[in-house]
Amino acid sequence: MISRASARFLDMESASPIMWFHANLRGKTMFLDVHELALHKTSIHRSYAPGTLDFHSSEIRQIEPLEVRATAELVEGQIRISGNFQTRLELVCARCLDTVVEEVSRDFDLYYRSNTTIPDDDDEQLKLDDTEIGFFEGDGLFLADVLAEQVNLALPMKVICRSDCRGLCPNCGVNLNNEDCRCEKHPTNARLAPLARLKQDWSKKQ
Ligand SMILES: [Zn+2]
Ligand SMILES: [Zn+2]
């Protein structure tokens with residue numbers, strides 16, 4: 001079966017099938033190719049719809065397009081990507097497991113070097129240790145992978161729905177923000193539960 005896109009391509013005399021495939025793939029994923037960046041700096045303005053980035057986490061759900069503006073260039077053999085992005089995510093409260101909507105934005109200035117290049121002297125090794133440098137395999141890297149990583153880095157270690165979230169009852173699992181349970185009285189802050197238990201043990205011993 002010939003799709004409409006490839007049928008249209010067959011009419012074109014100038015482009016080779018490989019070029020067409022490459023361009024088509026790029027349209028969806030944006031691959032930053034080290035050989036192309038060697039020729040020219042690329043400016044990027046793209047929008048990634050929810051579901052197109054893989055955050056490697058079931059607790060991160062993108063609910064609005066991620067907008068990125070950046071430039072990519074080759075600097076001393078390394079791919080440099082700098083710019084910023086913003087989006088909205090649905091996360092999970094660490095205390096009550098309810099969903100939390102967070103506006104996330106971040107500026108970044110990143111360097112990636114080929115994992116096949118080995119520093120040839122100590123000087124270069126020193127430079128490597130100084131700056132945070134990522135690595136890419138083969139001809140380059142996908143912008144989507146860079147962004148997914150940056151989103152993860154932009155998030156707080158623990159997300160909480162509100163500062164006075166009462167969390168879940170450690171005993172029956174009820175969400176204490178919504179209802180009280182009949183379990184023995186529990187500390188208002190679930191995080192203090194181990195501390196309270198310690199105190200109890202201590203007073204029993206007295
Ligand atoms: Zn909560
Ligand atoms: Zn309970």
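Sequence positions, counted from 1, serve as the residue numbers for this chain. Both counts, for ligands and for their atoms, begin at 1 and track the order of listing.
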Novice: What's the SG-the Zn ion (ligand 2)-SG angle here (Cys169, Cys181), rounded to 10 degrees?
Specialist: 110°
Novice: Can a donor-acceptor pair be found, under 3.5 Å and without considering hydrogens, that links the side chain of Gln62 to the backbone of Tyr48?
Specialist: yes
Novice: So, does Arg166 use its side chain to make a donor-acceptor pair with the main chain of Leu176 at under 3.5 Å?
Specialist: yes
Novice: How open is the angle at the Zn ion (ligand 1) from atom SG of Cys93 over to atom SG of Cys161, rounded to 10 degrees?
Specialist: 110°
Novice: How many degrees, to 10°, between Cys165 SG and Cys96 SG as seen from the Zn ion (ligand 1)?
Specialist: 110°
Novice: Would Arg113 and Phe135 satisfy side-chain contact (heavy atoms from CB on, under 4.5 Å), going step by step from the backbone distance to the final call?
Specialist: CA-CA 5 Å; Arg113 64 187 296 157; Phe135 292 89; 3.5 Å; yes
Novice: How wide is the angle at the Zn ion (ligand 2) between SG in Cys172 and SG in Cys183, to the nearest 10°?
Specialist: 110°
Novice: Any side-chain to backbone donor/acceptor pair from Asn152 onto Phe55? Under 3.5 Å, distance only.
Specialist: yes
